Structure formats: C-alpha cells, structure tokens
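Contents: one structure, followed by commentary.
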Protein chains: 2
Amino acid sequence: MNKNKEIRSAGLKVTRARRAILRILESKESMHASADDIHRKLIESADEIGIATIYRVLNQFVSAGICIRHNFETGQSLYELTPEHHHDHMVCLTTGKVIEFEDEMIERRQEKVANQKGYRIVDHSLVLYVEPLEK
Amino acid sequence: MNKNKEIRSAGLKVTRARRAILRILESKESMHASADDIHRKLIESADEIGIATIYRVLNQFVSAGICIRHNFETGQSLYELTPEHHHDHMVCLTTGKVIEFEDEMIERRQEKVANQKGYRIVDHSLVLYVEPLEK
DNA sequence: TTGGGTGCAAATTGTTTGCAATTGT
DNA sequence: ACAATTGCAAACAATTTGCACCCAA
C-alpha cells in the first residue's frame, strides 16, 4: 500500500525517479497519463526526471504489475495504476476525457465468445470513442 | 463494388498504386495487413509501390471509408477493407492470427453504457488477446 | 494541359538503448 | 563497495512530409 513498499516488493530500488513517477500516477488528475504528461508534471513540480528514465520506469512498473499500459488511438501510450477492479474505458473525442466503466455482462460474453472459438482470454481491450449526447 | 469505381467514387484518381493496394486488401490472406505487409506483397508480385505512397493511399482509403485502421498492441497499424457487417477481433498471442467475431449482446450493452454516462458512441474497439485453450 | 499522384529522402513522433557518471542499500 | 539507476545523446521504428517529376482525366 505504501509507495516505497510497492516499489521494493517489485524488486526495485526506491529512487527519487520511481517515487516521483508513482506520485504522479497516484494523483487523481493524472491517472491515464502519457510518459510525456508525467515528464511535464514533474518539471512543473520542480522535480524533473529524464524522459528516458520515465519510459524505463514505466516499463518496469508495467512488468511488475504496478501499472498498466493503454494503447488508445491517440498516438502515445497512456499509463494507469493497476486498478483493483477491472474496468474498461470511454474516450471522449470532444474533450479528450477518459471515463472508466465496468460491465459484468460484457465481460462474461467475452469469455464465452473466446471459449467458443477455442481460446482463453489473456487480456483484452475495450474502448468506446464517444461524443457528448446533447450538442 | 468494382475496384475502379470504389476508388473513383471516393473522389480519387484510379492509379496503379491505388489499384494494387486495393487488390492486396481484397485478398483473403491479407485482410488485416500492415503498410509494410502490403509493401512486401507488392514487391513479391513485382509491382512495387513506394512505402510513402502506401501510407498516403491507406490514409485516403480510411478517410473515404474504403478501409479501417486497427491499432492492436502489435506496434504497427493493421488495415482491413471496411466490412459490411461490423465485427470485433481476437488476436492470438501465440500465432499472431487475427480472428473475427461478432456479438450482438456486447454491442447493445456498449450503447447502453455510453448512454448512461451521457455519451453517444462514435466508434469503438474491442480486442481480445488470447491463447489456444489446450497447450 | 494540369492538378492530383508518386518516389525519394529528409523530417517527425514516440520510444528504446549504450555508456559513463551517480546513487541506493 | 558494488550493482542498480540515471541522464544524455544517439539509435530506432512507424509514419509523415517537402519537393521535383509523372500521369490520369
């Protein structure tokens, strides 16, 4: 639960870079942040970390299960602390906002469909690209 | 339906490049092809087209609705002739094979979920990353 | 003829890597 | 102390773009 512990139990040293990056990912406004978003946020808080290190640490965090990588159609990858409850995403094309949602029925159907074809789901990605209703 | 017509009605000139690329996309083995796959296929058939042109034409085809672009987690984009019936994809992590599937119930739930949050779906992407069951 | 289309090479963008210097344990 | 980590710049991969030449309408 504690930041340092989370890093350590992934077999990684607790460094300024890792702590700083984890701090950004934990902030509400920066869940779903790109490597560059994180880089900028850190510069703002006068705590710059080299962009190469950010990419390296994010990859380590993904391997360690601390965060997950999303490949939306926005060009760059977005990172999110691994949520305890799985959920999918809606990306608003007008505002760029990312909305999380969860739907049990969809999850169940996915399993069923994969099994029918003779496969087991390892991972999946469901993204709805949306626009506000009224407008 | 005819190849030339499809190109022309998109407001594009019927050129060797466009015809060749469309031909590759139409072949069963090359639905879900990357720009580079197409490039290689064309070289094989002694009908090379510059890679830059391939990218340009694919973008025009996407804009014209002739084909769609998929961004699976494989690094490059894959292109597919716009299917008349919408379907989603399963990508086998073992073989790289892309399997198409369709599920009405999932589609309906997506609409419902988006509406509940106050949005209208413009597009969506559902990809199941799978492995063969027995193994 | 003539404006769109093409090839080539150079430019971009997002991300990774080699290496010397630095730091956590 | 010593291996792990970092920053910087160079390397990369996928895709885009500028420009001189070419070709469909």
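Naming convention: chains lettered A, B, ... in sequence-line order (proteins, then strands); numbering from 1 in each chain. Atoms considered below: every heavy atom in the structure, side chains included; atoms not considered: hydrogens, waters and symmetry mates. Here the structure is a predicted model, which means the values were calculated and not measured.
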Can you check whether [X] has a side-chain N or O nearer than 4.0 Å to OP1 or OP2 of [N]?
| X | N | answer |
| --- | --- | --- |
| A:Thr15 | D:dT6 | yes |
| A:Thr53 | D:dG7 | yes |
| B:Ser77 | D:dA14 | no |
| A:Arg18 | D:dT5 | yes |

To the nearest Å, how far apart are [X] [atom1] and [N] [atom2]?
| X | N | atom1 | atom2 | value |
| --- | --- | --- | --- | --- |
| B:Ile54 | D:dT17 | CD1 | P | 17 Å |
| A:Leu12 | D:dA3 | CG | P | 18 Å |
| A:Asp47 | D:dG7 | CG | P | 10 Å |
| B:Arg19 | D:dA24 | CZ | P | 9 Å |
| B:Gln60 | D:dA24 | CD | P | 15 Å |
| B:Gln76 | D:dT16 | CD | P | 13 Å |
| A:Ile43 | D:dG7 | CD1 | C1' | 13 Å |

Item checked: B:His87 ring center within less than 6.0 Å of B:His85 ring center ->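 No, the ring of B:His85 stays outside the 6.0 Å limit from the ring of B:His87, centre to centre.
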
| query | Taking 4.0 angstrom as the limit, do A:Arg108 and A:Glu104 come out as a salt bridge? | reply |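 Yes.
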
### Message
Any carboxylate oxygen within less than 4.0 angstrom of a Lys/Arg side-chain nitrogen, looking at A:Lys41 and A:Asp37?
### Response
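So A:Lys41 does not pair with A:Asp37 through a salt bridge.
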
Would you mind classifying the nucleic acid contact of [X] as base, sugar-phosphate or nothing, using non-hydrogen atoms under 4.0 angstrom?
| X | answer |
| --- | --- |
| A:Ile51 | nothing |
| A:Asn59 | sugar-phosphate |
| A:Ala52 | base |

On DNA chain D, nearest-nucleotide positions of B:Tyr55 versus B:Arg8: which is more 5'?
->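 Counting from the 5' end, the first nearest nucleotide belongs to B:Tyr55.
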
**Q.** First encountered from the 5' end of DNA chain D, between B:Arg69 and B:Val14
**A.**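 First, find each residue's nearest nucleotide; the 5'-ward one identifies B:Arg69.
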
Ignoring hydrogens and geometry, is there a side-chain-to-backbone donor-acceptor pair from A:Thr82 to A:Gly65 under 3.5 Å?
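Checked: pair present.
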
Just by distance, do the side chain of A:Arg120 and the backbone of B:Pro132 share a donor-acceptor pair under 3.5 Å?
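Absent.
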
- request: State yes or no: do B:Val113 and B:Tyr119 share one hydrophobic cluster built from I, L, V, M, F, W and Y residues joined by side-chain heavy-atom distances below 4.5 Å, directly or via other members?
  value: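 They do share one cluster, since a chain of ILVMFWY contacts under 4.5 Å joins B:Val113 to B:Tyr119.
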
B:Tyr129 with B:Val98, same ILVMFWY side-chain cluster at under 4.5 Å: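 Shared cluster, yes.
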
Check: In terms of ring plane angle, is the pair B:His70 and B:His32 parallel, tilted or perpendicular, where the classes change at 30° and 60°?
Finding: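 Tilted.
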
Practice problem: For B:Arg16 and for B:Lys13, find the nucleotide of DNA chain C with the closest heavy atom, then tell me which residue's nucleotide is more 5'. | Solution: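 Taking each residue's closest nucleotide, the earlier one in sequence belongs to B:Lys13.
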
*asked:* Under 4.0 Å from a heavy atom of chain B: give me the 5'-most and 3'-most nucleotides of DNA chain C that qualify.
replied: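 Counting from the 5' end, contacts occupy C:dG3 to C:dA9.
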
D:dG18 base to B:Arg56 side chain: any donor-acceptor pair below 3.5 Å?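 Yes, a donor-acceptor pair under 3.5 Å.
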
